[in-house]
Structures are given as structure tokens and as C-alpha cells.
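These values consider heavy atoms only, across backbone and side chains, with no hydrogens, waters or symmetry-generated copies. Protein chains get the first letters and strands the later ones, always in sequence-line order, with residue 1 at the start of each.
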Amino acid sequence: MNEILPFLGGLGLLAGAGFCLVGAVGLLRMPDFYTRMHAASVIETLGAGLILCGLLLQAGFTLVGAKLLMIGLLIFFASPTASHALARAALLRGLKPKLASPEDK
Amino acid sequence: MGRRRGGTIIETLIINALLVLMALAVLVLARTRNLFAVVVLSGVYSFLMATLLVALDAVDVAMTEAAVGAGVSTVLLLGALHLCKSEEARPAHRPWLPLALSGATGLLLIYGALDLPDFADPAAPIHRHVAPRYLQNEVDVPNVVTAVLASFRGYDTLGETTVVFTAGAGIVALLRRRRHKGGGDAQ
Amino acid sequence: MLAAATLALLATIALALLRAALGPTVFDRLQAANSIGTVAMLLLAVFGFLRGRPDFLDLALVYGLLNVIGVIAILKFFRQGDLGADEESR
Amino acid sequence: MVRSISFFLTLALFWLLLSGMFTPFLLAAGAGSAFAVALIARRMDLLDHEGHPVQLAWGAVLSYWPWLLKEIVKSAWDVSRRILDPRLPIAPTLAEFAPSQKTDLGLVIHANSITLTPGTVAVEVAAGRFLVHALTREGAAGLAGSEMDRRCAALERP
């Protein structure tokens with residue numbers, strides 16, 4: 001039991017770092033700004049979440065664990081605000097999204 | 001304080017990778033013409049710098065770098081940008097002289113750094129005068145850095161804290177919500 | 001595993017930096033910078049564990065706050081052209 | 001008053017979290033600063049229904065978070081699969097629909113949840129009209145009258 005939790009934490013950490021990489025690849029591959037935004041949100045949700053969970057499993061119920069939770073909450077509340085502000089500013093500045101089918105809106 | 005000397009291979013690797021990333025950031029920064037992008041990228045540079053400072057174990061400096069470099073200076077630079085155009089003009093001259101000058105300064109600095117003691121060398125001169133006295137913890141504050149900052153260098157720190165509080169006040173002013181007399185218009 | 005995760009995060013920063021360099025719009029660069037901020041925060045947390053000194057997570061918290069504030073400051077500037085402008089005063 | 005007290009407790013807890021020292025002097029200092037900040041915030045009139053929302057239906061919030069988490073993981077997995085697919089199977093779509101929340105806070109929670117889920121970003125938010133950019137047509141189609149919409153409306157205290 002004492003061995004298993006840190007091991008699981010390590011796995012979560014690796015998976016999270018992997019998702020961060022995937023998100024960064026998406027940042028490079030996606031065709032326009034609005035689609036890149038979706039790739040970035042993979043980093044901010046699954047990537048960050050898994051990494052923080054992994055560290056949490058290694059830290060256990062300590063002060064450090066509580067701080068990790070704080071960081072998680074911060075990302076949870078702040079990152080969508082920043083993303084939304086960014087998308088809205090882009091639209092207001094007249095940056096048109098590339099759409100799959102131009103006729104719908 | 002059982003710190004390892006030097007650090008492991010992976011730490012060296014991380015520090016070097018961060019330095020390379022910072023160099024890349026600066027190259028991008030120098031080539032960008034749009035000044036908004038420059039402000040953004042200098043924020044990125046500050047973040048990388050602060051991470052590097054943590055890797056080098058200078059946590060308090062990293063904290064200040066993050067707060068001032070990525071927080072306050074972004075705001076100040078944006079304020080300055082309001083007063084000028086957002087595209088940088090093409091330089092009138094070829095930049096060879098400034099390039100040579102900064103290259104020479106860089107080489108000079110590297111030459112000077114060769115004489116410095118190794119990182120985290122306990123026999124370095126800086127660790128042999130007052131540092132042991134600080135470490136004996138005369139002032140009953142649990143954290144050594146805090147003891148030095150708040151007690152031995154109190155006035156100094158007062159100035160620093162003023163800077164950080166000013167940053168905080170600026171940020172509050174920035175994020176202040178607008179009041180509408182007639183109820184809620186969602187932003 | 002901590003080391004591997006650290007390296008992967010560094011690679012992520014490098015890729016995002018590439019996006020910031022390529023642009024093409026300012027918003028792409030802002031997006032990349034925001035991602036770099038988030039990843040730098042994670043890197044700091046993981047690095048603290050790697051060093052065996054996880055009590056430096058405070059710094060990661062500061063990073064997170066500053067990252068958000070920086071992005072919002074820039075965007076506010078974009079929308080209004082002024083940082084402290086009230087809607088009432090215009 | 002309830003807001004001030006709850007705000008004070010949150011601040012004091014935050015202090016404890018950051019300091020991690022439990023000597024009487026430091027505890028008193030923490031409580032003192034939290035009290036001072038709460039007092040200033042009260043005087044500056046920062047604590048209203050938006051600044052420190054205690055009026056939500058907290059039972060619904062507690063069941064909403066795990067559900068949202070599950071949704072996030074599902075769609076993040078989907079988006080990462082699309083990123084790694086060599087053909088890049090995306091069909092970016094803008095969708096407009098009417099959310100059913102009544103208060104500003106409910107709208108904000110709904111919009112934030114949409115943005116937090118990878119694959120959809122709320123671009124414009126106003127009462128009665130959301131404009132959402134989605135990575136796929138299916139993602140855009142499932143927005144109006146979704147379970148998320150219903151659950152966010154349930155968060156608002158009647």
C-alpha cells in the first residue's frame with residue numbers, strides 16, 4: 001500500500017507530462033488561432049490536472065498536498081477566464097476563425 | 001542544511017536547457033517587430049529566468065523576478081505602449097556596431113566569470129564571513145532567508161516590500177470591477 | 001519519473017516558444033505565452049519534488065496568479081487601449 | 001456580515017496554508033492580518049454577491065464538480081486523439097445558442113465550464129446569447145439545452 005500510491009503518482013505525472021506535450025504539438029499543428037486554443041486547453045486541464053494529482057499522491061495529506069490543491073483550484077478558476085478573454089479580444093479585433101463549412105454563420 | 005554540492009546530472013541538464021530556452025526567447029524577442037508581442041515575450045523571458053533562479057536555489061530572488069519581471073513591468077510597458085505606435089520602425093542603420101559592442105561586453109563578462117568560485121562551493125569567500133553567523137540563527141526566526149531579510153537587512157527589505165506592495169496596488173487598480181448603477185451587464 | 005516529467009515539460013515549453021516565435025497573429029503569441037506560464041508553474045512544482053524540497057510550491061502559486069494577471073492586463077489593454085479606464089469615465 | 005466572516009475564515013486558512021508554522025505568535029499574526037484585510041475589503045465594498053459568492057446552492061455545486069471533471073477528461077482525451085491523428089480530423093464550427101441561466105454568476109459558471117472543457121471555447125457571453133467556438137460539429141451541436149446547461153441553472157439559488 002505504501003509503495004503503490006507513489007508509483008501511481010509517478011504514472012500520473014508521466015501521463016500528465018505526456019498530455020502537455022500533446023497539447024504543445026497541437027499548438028503547432030492546428031491551422032488557426034481558435035483551434036490552437038483547444039489544444040492549449042488540453043495542457044491546462046488534463047496535463048496540469050494529472051501532474052498535480054501525481055504530485056499529490058506522492059506528497060500525501062500534508063501541507064504540501066494542500067498547496068498543490070490550491071494550485072489546482074487556481075488553474076481551474078483562472079485558465080478559462082484567460083482563454084475566454086483571449087478569444088473574445090481576438091474576435092473583437094476582427095480575427096475571423098477558419099470554419100469547416102462557411103455557410104453556417 | 002545537508003545540501004549536495006554541485007547537483008546531479010539531471011539538474012545540470014535542466015539548468016542548461018532553461019538557459020538555451022532563454023537564449024531562444026531573446027533571439028525571437030530581437031526579431032519581433034510588433035511591440036505587443038515583445039511585451040508578451042519579455043514576460044515569457046521573465047518566467048524562464050525565475051524558474052532558472054529557483055533551479056539555482058535563489059527562491060527569494062525568483063519571487064521578486066516573477067513579481068516584478070512578469071507582473072509590474074508588463075503593466076508598465078503596456079502603459080508606455082499606449083503612448084507610442086505598436087510597430088517598431090525599421091532601423092536606419094545596420095546594427096553592426098551595437099552588435100560588436102554587446103558581443104565584446106559579453107566576452108568580457110564571460111572572462112570575468114571564469115574567476116568566480118564554483119556554484120555552491122562551501123569554500124567560496126562569500127560563505128566564509130558573515131554567512132556562518134547568520135546560520136547560527138540569533139534572531140529566532142525559523143527560516144534563514146527570512147531572518148536575513150527581515151532582521152539583518154530590515155530597511156533594505158522595507159524598500160523591497162514597498163515595491164512589491166506597489167505592484168499589488170497597481171494590480172488591484174487594474175482588475176477593479178466597473179460599477180454599473182443599473183444592475184448587471186455581464187462583461 | 002520525476003526527471004522524465006521535467007524533461008517532457010521542458011520540451012513542451014520549447015514547442016510553445018516555437019509557436020510564440022511563429023505567430024502569426026499577436027493572439028497566437030499571447031496564447032503561447034499563457035501556455036508557457038502554466039507549464040513553467042508545473043515545471044516549478046515538479047522540480048521542487050525532484051529536488052526533494054516541495055515546500056517551494058508557494059512560488060508556483062505566485063506564478064499562477066501573475067500569469068493570469070499578465071494575460072488579463074494585456075487583453076484589457078487590447079480592448080480599451082488603456083489600463084485604468086473606467087467605462088463611466090469615458 | 002456572513003460574507004465578511006466567511007471571507008475572513010478563507011483568508012486565515014490561506015495564511016495557515018502558506019506559513020505552515022503553528023506557534024501562537026504566528027497564528028495571532030495571521031488572524032490579525034486576515035482580520036485587517038477583511039475589514040478593508042468590507043470598507044472598500046469589495047464583498048458583494050460576485051466578489052465572494054456564498055449564496056450558491058452548495059449541494060448542487062458539490063455534485064457538479066465531479067461531473068464537470070468527468071466531462072473534461074472525456075473531451076480532453078478526444079481532443080488529444082484528434083491532435084495526434086495524422087489527418088487532423090477537425091471541423092471548427094461557431095455555434096450560437098441561448099443559455100437558460102438567469103443570474104450573472106450562473107452565466108459565468110456555465111461559460112467557464114464550456115471554456116474549461118477542451119474542444120469548446122465560449123467566445124461571447126451575454127444573457128440569453130452564447131457564441132461558442134467548437135473544434136467539431138458534434139461538439140457544437142450538443143451545446144444548446146445540454147446537461148451542463150441544466151446543471152448550471154440548478155446551481156443558482158431559486
Below 4.5 Å from any heavy atom of chain B, which atoms of C:Leu10 appear? Answer side chain, backbone, both or neither. both
Rounded to the nearest 0.5 Å, the CZ atom of C:Phe47 sits from the CD1 atom of B:Ile15 at a distance of 6.0 Å
At a heavy-atom separation under 4.5 Å, does B:Ile10 approach chain C through its side chain, its backbone, both, or neither? side chain
Counting heavy-atom pairs under 4.5 Å to chain C, which of B:Val28, B:Leu48, B:Leu77, B:Leu29 comes out on top? B:Val28
Quick check on C:Leu18 against chain B: is it the side chain, the backbone, both or neither that has a heavy atom closer than 4.5 Å? neither
Closest heavy-atom pair and its distance - B:Thr51, C:Ala40: OG1-CB, 4.2 Å
Looking at chain B, which one of C:Ile36, C:Leu17, C:Ile13 has the largest number of heavy-atom pairs inside 4.5 Å, strictly under? C:Leu17
C:Met41 side chain reached by B:Phe47 side chain, heavy atoms, under 4.5 Å: no
Do C:Thr6 and B:Leu13 have side-chain heavy atoms sitting under 4.5 Å apart? no
Taking every non-hydrogen pair under 4.5 Å, which of B:Val39, B:Val44, B:Ile14 racks up the most with chain C? B:Ile14
